[in-house]
> 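Let me give you the structure first, and then I'll get to my questions.
The figures that follow rest on heavy atoms only: side chains count, while hydrogens, waters and symmetry mates do not. In this chain, numbering begins with 1 at the start of the sequence shown.
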Amino acid sequence: QYVVSVVCAPQYAWPCSMAVWVAWCESRFQADAYSAAGPYRGLFQVWDAHAAEPARLYDPAYNISLAYELWSRRGWQPWPYCGRIQPATP
């Protein structure tokens with residue numbers, strides 16, 4: 001699966017299985033996922049405020065790279081539900 005291969009790419013040093021779980025939990029791997037609550041967009045449901053161009057959050061590679069930057073600074077805290085529950089096999 002494309003999402004798993006990008007999320008687990010060597011340039012991302014996060015725990016692969018947890019990152020895959022968070023993306024699945026947040027969006028069910030739907031790159032066009034949207035939540036008006038933030039608003040949050042894309043695979044990792046990244047908050048618009050974290051992106052210079054929020055519409056780009058629908059691009060999986062961009063969304064994953066921003067999610068990785070967030071994780072690098074704050075761990076799983078930006079994902080208060082999906083980032084704290086035990087990964088399951090999607």
> Calculate, to the nearest 0.5 Å, the distance between atoms CG and CD1 belonging to Leu57 and Ile64 respectively.
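Spacing of CG (Leu57) from CD1 (Ile64) equals 12.0 Å.
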
> Can you list everything that forms a side-chain contact (heavy atoms from CB on, under 4.5 Å) with Arg84? Sequence neighbours excluded, please.
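Per chain and number, Arg84 pairs via side-chain contact (heavy atoms from CB on, under 4.5 Å) with Tyr81.
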
> Which residues satisfy the side-chain hydrogen bond (donor to acceptor under 3.5 Å, both in side chains) test with Arg56, sequence neighbours excluded?
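Arg56 satisfies side-chain hydrogen bond (donor to acceptor under 3.5 Å, both in side chains) with no other residue.
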
> For residues 16-36, pull every pair meeting salt bridge (charged side-chain N to carboxylate O under 4.0 Å, His left out), keeping only residues two or more places apart or in separate chains.
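Pairs touching residues 16-36 that pass the test: none.
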
> Sequence neighbours left out, what passes side-chain contact (heavy atoms from CB on, under 4.5 Å) with Gln1? Give chain and number order.
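side-chain contact (heavy atoms from CB on, under 4.5 Å) list for Gln1, sorted by chain: Val3, Val4, Phe29.
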
> Going by the disulfide (SG to SG under 2.5 Å) test, which pairs reach into residues 10-43, not counting sequence neighbours?
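Passing the test, one end in residues 10-43: Cys8-Cys16, Cys25-Cys82.
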
> Looking at side-chain heavy atoms only, is the closest gap between Leu70 and Trp47 below 4.5 Å?
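Heavy-atom side-chain distance check fails, nothing below 4.5 Å.
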
> Tell me if a side-chain donor or acceptor on Ser65 pairs with a main-chain N or O of Tyr62 at a distance below 3.5 Å.
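Yes: the side chain of Ser65 pairs with the backbone of Tyr62.
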
> Could you report the tightest heavy-atom contact between Pro60 and Tyr2, atom names first, then the distance?
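The answer is CB-CE2, 3.9 Å.
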
> What residues form a ring pair (Phe, Tyr, Trp, His ring centres under 6.0 Å) with Tyr12, not counting sequence neighbours?
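Scan of Tyr12 (ring pair (Phe, Tyr, Trp, His ring centres under 6.0 Å), adjacent residues dropped) gives Trp14, Tyr68.
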
> What closest approach, in Å, do Val22 and Gly83 show between heavy atoms, and which atom pair accounts for it?
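Scanning both residues completely, I find the closest heavy atoms to be CG2-CA, 4.0 Å.
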
> Identify all side-chain donor-acceptor contacts of residues 34-44 below 3.5 Å with residues at least two apart in sequence or on another chain.
residue: Ser35; atom: OG; partner: Ala37; partner atom: N; Å: 3.3
residue: Arg41; atom: NE; partner: Asp48; partner atom: OD1; Å: 2.6
residue: Arg41; atom: NE; partner: Asp48; partner atom: OD2; Å: 3.1
residue: Arg41; atom: NH1; partner: Tyr58; partner atom: OH; Å: 3.0
residue: Arg41; atom: NH2; partner: Asp48; partner atom: OD2; Å: 3.0

> Checking Gln77 now: which residues fulfil side-chain contact (heavy atoms from CB on, under 4.5 Å) with it, not counting sequence neighbours?
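Listed in chain order: Arg74.
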
